[in-house]
Amino acid sequence: YSPPGKPTNINCRSPEKETFTCWWQPGSDGGLPTTYALYYRKEGSEKVFECPDYKTAGKNSCFFSKNVTSIWVNYNITVVATNSMGSTFSNPVDVDVVYIVKPNPPEEVIVNVTEDKDWPFLQVSWKPPKMADTRSGWITLIYEVRLKLENENKWEELSAGQRKNFKIYSLRSGGTYDVQVRCKPDHGFWSEWSPSTRVKVSEYLPRERSMWILIVVFAVFILFISIWMIYMNFHSVKHYLLPPVPGPKIKGIDKQLLKSGKSEDIFSSLVVSNFPPTTSNYEDFLVQYLEVYIPEERELIMDEGKDLQDDGFKTENSTCDNDSGRGSCDSHTLLIDKGGGDKEDGQQSDQEGSQAEADTKSHEEALEDELLACSHENAQIPNISNEKEKVKSCPSLFSPLPQYSLSPVNQPNKPKTGKQHCLSDSLFTPNSLSSYFTQPDPSNTKGFRSNYWECSLDHKQSHLFHPQRAAHEALQAQNDLNAAYVDYMEAPMDVHALNVRPTEYVEVQRVSDEDVVLLHPVPPSHENSCNVSHQTEDYSRVRMVNNNNGLLLLQRDAIEEEKNMCPYEEEMVSRATSTGCRASITPTLQNSATGINTALPILDEMAGSGYVDTATMFGLPTY
Amino acid sequence: MQQKSEKKATGPRRRRRRNRLRTCRTDERTMAQRGISGGKLFITAVYLVAMCRAVPVNDLLDRASQRSDKMHSLSTLLTQEMDSHFPPYGRMQMPRPADCHTSGLLTPNDKEQALQVSESDLMSLARSLLRGWVDPLAVLSTNAITLPHPAKSSISSKIQELQEHSKSLADGLDILSSKMGPAAQAISILPYTGGTDLGQDRVTILNKFNFLLSCLRRDSHKIDSFLKVLRCRAAKLQPELC
């Protein structure tokens with residue numbers, strides 16, 4: 001047994017600022033019956049009073065009635081616990097009534113559901129607690145409302161100020177709500193919440209839902225339209241999403257044949273019957289025209305030339321179908337590589353700046369070169385006749401050839417692709433020719449560029465060596481003759497072409513055993529009207545290259561004659577007839593002497609110039 | 001949840017007054033809020049207010065009670081802030097609240113007494129109390145700056161705010177009292193004899209400061225209560241506010 005423990009936690013509350021109640025927490029009782037007493041003392045007086053009422057407020061409480069309550073007066077309160085062993089005093093507490101006001105909850109909470117057309121709302125009204133005298137202004141209360149759906153846990157609190165009614169909107173259709181109200185004096189504590197008032201909101205269809213219905217209908221409509229559109233364009237959509245896989249297709253080979261599995265048939269289809277050709281009559285093999293179109297672009301650089309090449313491919317590439325497997329027809333890269341190699345072999349790249357002499361020989365040699373180049377591509381048959389075939393088989397060869405000629409040339413100037421250099425026959429020493437014809441000598445760097453024809457239409461020598469001359473040439477291989485039709489369209493770049501003869505046709509009739517290319521002028525089939533003057537002469541035969549750097553061309557009539565009268569002029573004539581670059585030849589020849597001096601170094605630069613000065617050309621063999 | 005927020009109870013009244021006489025209201029507000037150029041403005045305001053006969057008294061009382069409410073809230077915050085760092089048991093050694101310099105003023109001790117006091121007396125009491133705290137507030141303000149207390153800056157700002165409110169309220173009550181009769185004009189003088197110096201040592205200074213603040217809290221509550229009683233008495237036209 002022991003004295004009682006100290007009472008603790010004395011707190012007092014006043015509901016209306018007129019009375020107040022104090023509660024305490026008793027300590028341990030020490031095993032003995034303990035009594036508690038509360039004593040208080042007002043400020044300004046030493047008199048101690050005891051609690052007047054221990055019962056009204058319940059156990060361990062003291063109720064101060066109106067009579068004993070004073071406001072704006074400090075109460076010093078002490079609770080004493082007493083048992084037979086002793087008594088224990090609690091800590092004193094100072095209390096001023098006006099500061100401990102905690103009213104009762106509001107009363108008569110009424111919640112009305114008002115049906116306002118489509119939008120019902122709640123009207124909450126209440127009354128202040130009875131004991132609080134708000135009417136006289138003794139207590140000023142402010143209120144708070146809270147509500148929640150019956151199934152939820154979270155309350156929504158709304159401040160109502162000093163009003164005693166409140167409206168709540170945005171209710172859930174068909175929901176059941178719980179509403180509570182509480183109040184607080186202006187300087188005091190919040191009251192407890194009033195008991196819950198339950199109310200049910202009737203069902204209503206908000207306009208929002210109708211809007212949702214509209215939206216859904218609209219979306220469905222759009223969905224139908226989109227499905228219908230996809231259905232209409234099903235194939236294109238399918239093609240876009242799942243592109244078809246290209247199938248292999250080799251020209252000349254039947255898929256069904258392959259599938260059948262008969263090896264003999266397969267192999268027979270692969271083998272060309274006439275390959276390799278056995279006859280010696282080359283003329284029989286020339287069965288096709290080879291048409292090489294080179295677009296008329298004046299200024300061609302290496303890169304552009306390749307584009308040209310592509311154009312050339314495209315224009316004439318009618319032999320290939322639209323299949324995806326186009327390797328055999330269209331791999332211009334293939335041709336380029338091979339052609340370039342050939343070029344380097346058989347090209348006298350940088351040396352021909354001479355004017356375009358209508359050297360039939362040059363033409364034919366050039367043709368042969370191309371043919372040879374082509375032939376090299378196609379397993380190198382050193383036969384001109386075979387070249388024709390090869391030419392046929394690689395139609396695109398010729399178009400890039402002009403380009404090729406430029407490739408090995410290192411020129412400060414821009415070599416123009418497509419330049420056709422008219423090679424003077426003087427270049428073609430019999431030896432070189434023969435060597436060329438038999439087999440292109442890789443070591444023969446002096447070999448002329450086969451496919452360079454350059455007709456300088458400019459009478460000025462400067463333009464002769466101007467690298468910007470470009471002559472487009474289209475080769476036509478006539479199959480009936482062992483000749484390549486050289487059709488070149490000359491279009492000097494920036495030279496004032498006095499006499500522009502766009503196209504000239506020279507036909508290589510055949511190559512004689514003497515390594516003489518017999519050229520045969522052909523009436524022009526193109527729109528370019530060439531001078532028909534050359535038609536009088538079928539061909540001019542290059543006899544030889546004389547020491548005067550003249551190319552001796554023999555006319556048909558005067559084939560026996562070897563006119564060495566005026567080599568230049570004769571060459572002019574002959575050349576002009578065959579090439580039609582008459583105008584340009586003359587001045588060139590006149591300046592050939594000077595041209596020689598200047599041509600030689602320039603020739604190196606002008607691989608693509610295309611114009612071969614006879615003078616320089618004649619000097620070439622000395623190189 | 002949407003809620004239709006209605007205006008405050010004083011809203012319609014204020015609106016009415018606004019509609020009627022804007023200038024008068026502006027002047028009154030100026031008077032009530034900023035008694036900066038005290039006397040001159042006061043006289044001008046009183047003159048203007050006297051001319052504005054239509055200014056309702058209950059509206060003025062409403063605004064006055066709002067201001068007193070604000071004052072009491074501030075003083076309560078001040079005491080709480082002081083107690084947060086000041087040990088409570090130090091208050092034991094404090095002089096009792098009965099020793100407040102305003103204790104000489106007889107004020108009602110309970111509700112019955114308070115409700116029996118006439119309006120003029122209530123107004124007079126309020127004004128007296130208010131007047132009696134002008135000097136102590138100044139003392140508090142000067143001492144708050146150097147108060148050996150961690151929250152002295154906040155305390156200082158609050159005291160300054162209190163001073164402003166007190167001043168504007170005093171001006172407003174002067175206008176009000178002029179409408180209420182001569183009895184309301186009478187003010188009891190409550191001199192403050194504490195001196196400008198609160199003490200020498202820290203404990204003494206803090207004790208004195210705390211004591212003054214507690215006295216202020218009570219007196220501000222008295223003022224607030226009186227004014228709210230007056231407000232409800234004047235709000236005969238709108239009983240729903242009270």
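Just so we're on the same page: letters track the sequence lines, and every chain starts at 1. Atom set for the values below is all heavy atoms of this structure, side chains included, hydrogens, waters and symmetry mates excluded.
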Do the side chains of B:R218 and A:E43 get close enough for a salt bridge, i.e. N-O under 4.0 angstrom? yes
Looking at A:D133, A:L141, A:V97, which one has more heavy-atom pairs under 4.5 Å with chain B than the rest? A:D133
Indicate, with yes or no, if the rings of B:F226 and A:W138 have centres closer together than 6.0 Å. no
Please say whether more than 12 non-hydrogen atoms of neighbouring residues, nucleotides or ligands are located less than 6.0 Å from NZ in A:K148. yes
So which residue, B:T76, B:D69, B:L115, ends up with the most heavy-atom pairs under 4.5 Å with chain A? B:D69
Are A:R135 and B:C232 close enough that some pair of their side-chain heavy atoms sits under 4.5 Å apart? no
Has A:F89 got more than 12 heavy atoms of other residues, nucleotides or ligands less than 6.0 Å from its CZ? no
Is B:D110 salt-bridged to A:K66, cutoff N-O under 4.0 Å? no
Counting heavy-atom pairs closer than 4.5 Å to chain B, which one of A:E16, A:K17, A:E18 comes out on top? A:E18
Of all heavy-atom pairs linking A:W72 and B:S225, the shortest is CZ2-OG, 3.6 Å
A quick test of your reading: do over 12 heavy atoms of other residues, nucleotides or ligands sit less than 6.0 Å from NZ of A:K130? no
Give a yes-or-no answer on whether the side chains of A:D96 and B:H221 include a donor-acceptor pair shorter than 3.5 Å. no
Counting C-beta onward and ignoring hydrogens, is there a side-chain heavy-atom pair between A:I71 and B:K111 closer than 4.5 Å? no
So with a 6.0 Å cut-off around CD1 of A:I215, is the heavy-atom count from everything else above 12? yes
Minimum heavy-atom distance B:V229-A:G137, with the two atoms named: CG2-O, 3.8 Å
Given a strict heavy-atom distance threshold of 4.5 Å, which part of B:E112 is in contact with chain A: side chain, backbone, both, or neither? side chain
Look at A:L122, A:I139, A:D186 and state which one has the largest set of heavy-atom pairs under 4.5 Å with chain B. A:D186
Give a yes or no on whether A:Q123 atom CD has more than 12 heavy-atom contacts from other residues, nucleotides or ligands under 6.0 Å away. yes
Using heavy-atom distances under 4.5 Å, tell me whether A:F121 contacts chain B through its side chain, its backbone, both, or neither. neither
Flag side-chain contact, heavy atom, 4.5 Å: B:R231 against A:T140: yes
Is it the side chain or the backbone of B:S65 that comes within 4.5 Å of chain A heavy atoms, both, or neither? neither
Which atoms of B:D219 come close to chain A, meaning under 4.5 Å heavy atom to heavy atom: side chain ones, backbone ones, both, or neither? neither
Anything under 30° is parallel, anything over 60° is perpendicular, the rest tilted; go ahead and classify B:H72 against A:H187. perpendicular
